Amino acid sequence: MRLRHAYLLLCLAGIVLPYWFLVPWVREHGLDLTLLCQELFATRIGAFFGLDVFVSAIVLFVFVFTEGHRVAIPRLWMPVFATLLVGVSLGLPLFLYLRQWKLDDSAAAAR
């Protein structure tokens with residue numbers, strides 16, 4: 001299995017696992033963002049994880065644009081959109097997949 005295929009499997013896990021818990025919550029409460037934030041920050045440990053994810057997302061955006069431009073990766077909007085839609089659990093492996101695909105193609109072209 002190539003590394004980029006492992007990243008694709010991680011993309012799948014990054015979609016399924018978070019939404020496994022989000023979808024039932026949305027069914028019960030609707031898309032109530034105020035309640036979502038209240039429940040996320042209801043405890044110190046929840047706030048810890050919530051803020052950790054927010055900071056990780058910002059770091060990921062910086063990484064996507066700096067590394068993406070350095071390696072000339074097309075479609076850099078995809079991991080940003082994926083992060084906003086699902087989270088870092090999808091955005092990061094998707095970017096790593098796109099990056100590895102570009103690196104593999106560059107290595108093949110250099111042969």
Side-chain angles (χ1 to χ4, degrees):
M1 174 188 295
R2 299 181 92 162
L3 183 57
R4 70 180 186 208
H5 297 129
Y7 288 139
L8 274 181
L9 289 175
L10 291 169
C11 284
L12 182 62
I15 294 170
V16 171
L17 295 175
Y19 272 85
W20 187 269
F21 292 95
L22 180 65
V23 168
W25 187 91
V26 170
R27 278 193 199 139
E28 184 177 340
H29 302 287
L31 200 53
D32 187 345
L33 295 179
T34 303
L35 181 61
L36 179 78
C37 288
Q38 286 174 349
E39 289 191 9
L40 177 62
F41 292 99
T43 65
R44 289 185 186 267
I45 198 69
F48 164 78
F49 281 105
L51 290 172
D52 183 65
V53 171
F54 290 143
V55 171
S56 297
I58 293 168
V59 171
L60 176 59
F61 293 157
V62 171
F63 180 58
V64 163
F65 289 114
T66 56
E67 181 70 2
H69 289 310
R70 186 183 74 78
V71 180
I73 299 170
R75 297 180 292 280
L76 290 178
W77 63 269
M78 290 174 63
V80 172
F81 182 72
T83 302
L84 295 173
L85 185 66
V86 177
V88 176
S89 63
L90 175 59
L92 179 58
L94 179 58
F95 175 72
L96 294 173
Y97 168 78
L98 294 171
R99 181 177 174 267
Q100 193 62 47
W101 189 352
K102 178 70 175 182
L103 294 174
D104 290 349
D105 284 351
S106 297
R111 289 183 192 154

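Model, not experiment: these values are computed from the prediction.
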Taking every heavy atom of Tyr19 against every heavy atom of Leu85, the minimum-distance pair comes out as OH-O, 2.7 Å
The reported gap from OH in Tyr97 to CG in Leu90 (rounded to nearest 0.5 angstrom) is 13.0 Å
Please determine whether residues Leu51 and Phe48 belong to a single hydrophobic cluster, defined as Ile, Leu, Val, Met, Phe, Trp and Tyr linked transitively by side-chain heavy-atom distances below 4.5 Å. no
Could you pull out every donor-acceptor pair under 3.5 Å between side chains of residues 57-82 and any protein atom, sequence neighbours left out?
unit_1: Thr66; atom_1: OG1; unit_2: Val62; atom_2: O; d: 2.9
unit_1: Thr66; atom_1: OG1; unit_2: Phe63; atom_2: O; d: 3.4
unit_1: Glu67; atom_1: OE1; unit_2: Arg70; atom_2: NE; d: 2.9
unit_1: Glu67; atom_1: OE1; unit_2: Arg70; atom_2: NH2; d: 3.4
unit_1: Glu67; atom_1: OE2; unit_2: Arg70; atom_2: NH2; d: 2.8
unit_1: Glu67; atom_1: OE2; unit_2: Arg99; atom_2: NE; d: 2.9
unit_1: Glu67; atom_1: OE2; unit_2: Arg99; atom_2: NH2; d: 3.3

When rounded to the nearest 0.5 Å, the distance separating CG of Leu10 from CD1 of Ile15 is 11.5 Å
Rounding to 0.5 Å, atoms CG (Leu22) and CG (Leu17) come to a distance of 12.5 Å
All heavy atoms of Pro18 vs all of Ala13, minimum pair found to be CD-O, 3.7 Å
Note: Pro93 and Ser89 closest approach over all heavy atoms is CG-O, 3.1 Å
Do Tyr7 and Leu9 share a hydrophobic cluster (ILVMFWY, side-chain heavy atoms under 4.5 Å, transitive)?
no
Value for CD (Glu39) from OG1 (Thr43), rounded to nearest 0.5 Å, stands at 10.5 Å
His29 meets the ring-ring contact (aromatic ring centres under 6.0 Å, His included) criterion, sequence neighbours left out, with Trp25
Any side-chain heavy-atom pair from Asp32 and Leu36 closer than 4.5 angstrom? no
Residues Val86 and Gly14: closest non-hydrogen pair is CG1-O, 3.3 Å
Output for pair (Phe95 CZ, Gln100 CD), nearest 0.5 Å, gives 11.0 Å
Check the hydrophobic clustering (I, L, V, M, F, W, Y; side-chain heavy atoms under 4.5 Å; chains of links allowed) and say if Leu84 and Leu98 are grouped together. yes
